[in-house]
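Contents: one structure, followed by commentary.
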Amino acid sequence: MINTHDILETIQMINNEHLDVRTVTMGISLLDCADPNPQAACEKIYNKIVSKAQNLVPVVEKISSDYGVPIINKRISVTPISMLLACAPDADPVEYAKALDRAAKKVGVDFIGGFGALVHKGFSAGDERLIRSIPDALAQTDIVCSSVNIGSTKTGINMDAVKLMGQIVRQSAEKTAHNQCMGAAKLVVFCNAPEDNPFMAGAFHGTGEPDCVIHVGVSGPGAVRAALAKLPKDAPLDQVAELIKRTAFKITRMGQLVGTLAAEELGMPFGIVDLSLAPTPAVGDSVANILEEMGLEHCGCCGTTAALALLNDAVKKGGVMASNHVGGLSGAFIPVSEDDGMIQAARCGSLTLEKLEAMTAVCSVGIDMVVVPGDTTAETLSALIADEAAIGMVNSKTTAVRVIPAIGRKAGEELDFGGLLGYAPIMPINQNSPSTFIHRGGRIPAPLQALKN
């Protein structure tokens with residue numbers, strides 16, 4: 001039961017500890033917009049998005065005002081566009097991206113995701129054409145985001161897709177070098193991508209989802225850190241875990257409320273609450289600071305992976321007790337540029353790329369918003385993607401890579417994206433070449449863990 005103390009504590013989290021609903025995301029199926037005529041398809045896409053989402057922003061803003069809950073972003077996710085290209089072999093995928101951009105701007109959302117493909121077992125009609133268009137599509141649009149799933153526990157890793165995605169990430173950075181390489185910041189490469197993720201840049205509307213659905217992503221690392229600060233420094237770790245669990249429960253209940261209200265007002269089903277401790281560049285709103293509150297001098301030192309494992313597990317346990325429909329990427333995000341504590345740890349050298357990779361084995365995503373030197377080769381980017389995919393594949397979890405080669409810049413400099421994307425030091429990356437390995441192509445077979453039937 002929620003008592004008066006819990007209500008007052010939640011108000012305190014909102015007012016002083018950066019607690020917010022990070023996003024309300026409407027998922028929209030575009031399967032019925034497929035058409036052999038590209039112009040007709042783009043018109044159908046535009047009309048359906050505008051029709052379904054025209055009230056999303058005003059409804060969410062009214063809920064925010066009525067209940068005093070900050071709701072930071074309003075977003076849309078759509079069916080992977082490669083599926084629509086299958087019946088239009090002569091279509092230019094960039095035109096579909098422009099249609100998404102126009103529709104999203106018309107309804108006033110912050111981002112639209114789904115310009116992507118699912119190629120974890122191979123390329124089907126439309127997939128490779130869409131992937132090769134991603135650099136141009138992200139350069140010629142403002143709020144379109146892209147994601148590609150290249151592996152899963154059930155299928156293994158499509159190394160031909162991995163090789164291609166290293167090239168695409170680099171080209172996306174090059175084509176937007178004048179704009180802080182923003183194209184690469186709007187592109188995610190997944191293993192085990194969830195179909196109900198409300199967070200960008202990786203959100204897309206899975207084929208098993210309803211025609212339209214409302215998902216909610218709740219944040220709150222500042223609230224968790226503030227709760228831990230009240231514990232004695234010698235409190236045992238099981239007490240730390242219990243406190244995080246209770247805090248996550250309250251945060252999730254708030255997300256459940258917002259999602260239920262939004263779905264009712266918009267006349268569509270409520271999907272999931274994604275309880276992801278998604279940080280911001282604001283001081284105090286940091287996952288790294290939570291780990292340091294547990295007793296680490298700096299995030300990245302020995303003990304960081306263990307502390308993060310405790311945090312991720314406790315967040316999930318608290319969330320599932322608060323809602324029957326927890327999903328997406330629920331856990332703790334560790335993006336470098338979006339987390340003030342991670343930025344400081346990377347600056348002082350405590351947090352390295354190698355340590356980040358170890359941490360991704362126990363967090364909720366992977367190498368996220370990491371900036372590497374501009375001369376990093378496509379093969380090295382592909383190898384980084386392969387490493388992360390392997391962690392996800394073997395551990396039956398979602399992993400992802402959102403890495404930005406800072407074109408024309410070196411390790412030690414910084415790249416500033418502004419807003420929620422923040423800024424980041426350019427982190428050094430191992431310069432030994434994985435080229436021969438990457439150019440082998442083929443598939444890494446599914447692990448033994450896949451044989452569960």
Would you say NZ of Lys121 has more than 12 non-hydrogen atoms from neighbouring residues, nucleotides or ligands within 6.0 angstrom? no
Start with the C-alpha gap between Met342 and Val287, add the side-chain angles, then the distance that decides, and say whether side chain to side chain contact (heavy atoms under 4.5 Å, CB included) holds. CA-CA 8 Å; Met342 300 285 268; Val287 170; 5.8 Å; no
Approximate separation, where rounding is to 0.5 Å, of Ile290 CD1 and Ile244 CD1: 7.0 Å
Just wondering, do Ser77 and Ile28 contact through their side chains at under 4.5 Å, heavy atoms? no
Keeping Asn149 on the side-chain end and Gly151 on the backbone end, is there a donor-acceptor pair under 3.5 Å? yes
Near Leu451 CG, under 6.0 Å, is it more than 12 heavy atoms from other residues, nucleotides or ligands? yes
Pairing donors with acceptors under 3.5 angstrom, does anything connect the side chains of Glu379 and His439? yes
CD1 on Ile251 to OG on Ser219, rounded to 0.5 Å: 7.5 Å
Checking Ser286 against Asp340: is there a side-chain donor and acceptor pair closer than 3.5 Å? no
Electrostatic pair Asp110:Arg75 at N-O distance under 4.0 angstrom: no
Would you check, one step at a time, whether the test side chain to side chain contact (heavy atoms under 4.5 Å, CB included) holds for Leu138 with Thr176? CA-CA 8 Å; Leu138 297 181; Thr176 53; 5.7 Å; no
Quick check for you: to the nearest 0.5 Å, what is the distance between Ile168 atom CD1 and Ser382 atom OG? 10.0 Å
If you measure only the distance, is there a donor-acceptor pair under 3.5 Å linking the side chains of Thr360 and Glu388? yes
In plain terms, say whether Lys105 and Asp142 are close enough for a salt bridge, that is, a side-chain N and a carboxylate O under 4.0 Å apart. yes
Between Arg443 (side chain only) and Asn158 (backbone N and O only), is there a donor and an acceptor less than 3.5 Å apart? no
How many angstroms lie between atom CG of Leu308 and atom CE of Met294, to the nearest 0.5 angstrom? 8.0 Å
I'd like to know whether Val24 forms a side chain to side chain contact (heavy atoms under 4.5 Å, CB included) with Val216, so could you lay out the CA-CA distance, the side-chain angles of the two residues, the decisive distance to 0.1 Å, and finally the verdict. CA-CA 5 Å; Val24 174; Val216 172; 4.3 Å; yes
Assert yes or no for the condition that the ring centre distance of Phe333 to Phe199 is strictly below 6.0 Å. yes
Within the structure provided, determine whether Leu130 and Phe115 are in side-chain contact (heavy-atom separation under 4.5 Å). yes
I'd like to check Met254 versus Lys250 (side-chain heavy atoms, cut-off strictly below 4.5 Å). Are they in contact? no
Distance check, rounded to the nearest 0.5 Å: Cys181 atom SG versus Leu415 atom CG? 5.5 Å
State, with a plain yes or no, whether a side-chain heavy atom of Val401 is found less than 4.5 Å away from one of Val188. no
Heavy-atom check, side chain of Leu356 versus side chain of Ile367, under 4.5 Å: yes
Does a donor on one side chain and an acceptor on the other come within less than 3.5 Å for Ser350 and Lys355? no
From Leu311 atom CG to Thr304 atom OG1, the distance as rounded to the nearest 0.5 Å: 12.0 Å
Does this structure show an ion pair linking Arg409 with Glu414, if we count only N-O contacts that are shorter than 4.0 Å? no
What I want to check is whether the side chains of Asn192 and Thr153 have a donor and an acceptor closer together than 3.5 Å. yes
Lys62 and Val59, any side-chain heavy atoms less than 4.5 Å apart: no
For the pair Glu293 and Lys233, find out whether any cationic side-chain nitrogen is under 4.0 Å from an anionic carboxylate oxygen. yes
Does this structure show an ion pair linking Glu242 with Lys245, if we count only N-O contacts that are shorter than 4.0 Å? yes
So which atom in Asp196 and which in Ile272 form the shortest heavy-atom distance, rounded to 0.1 Å? O-CD1, 3.4 Å
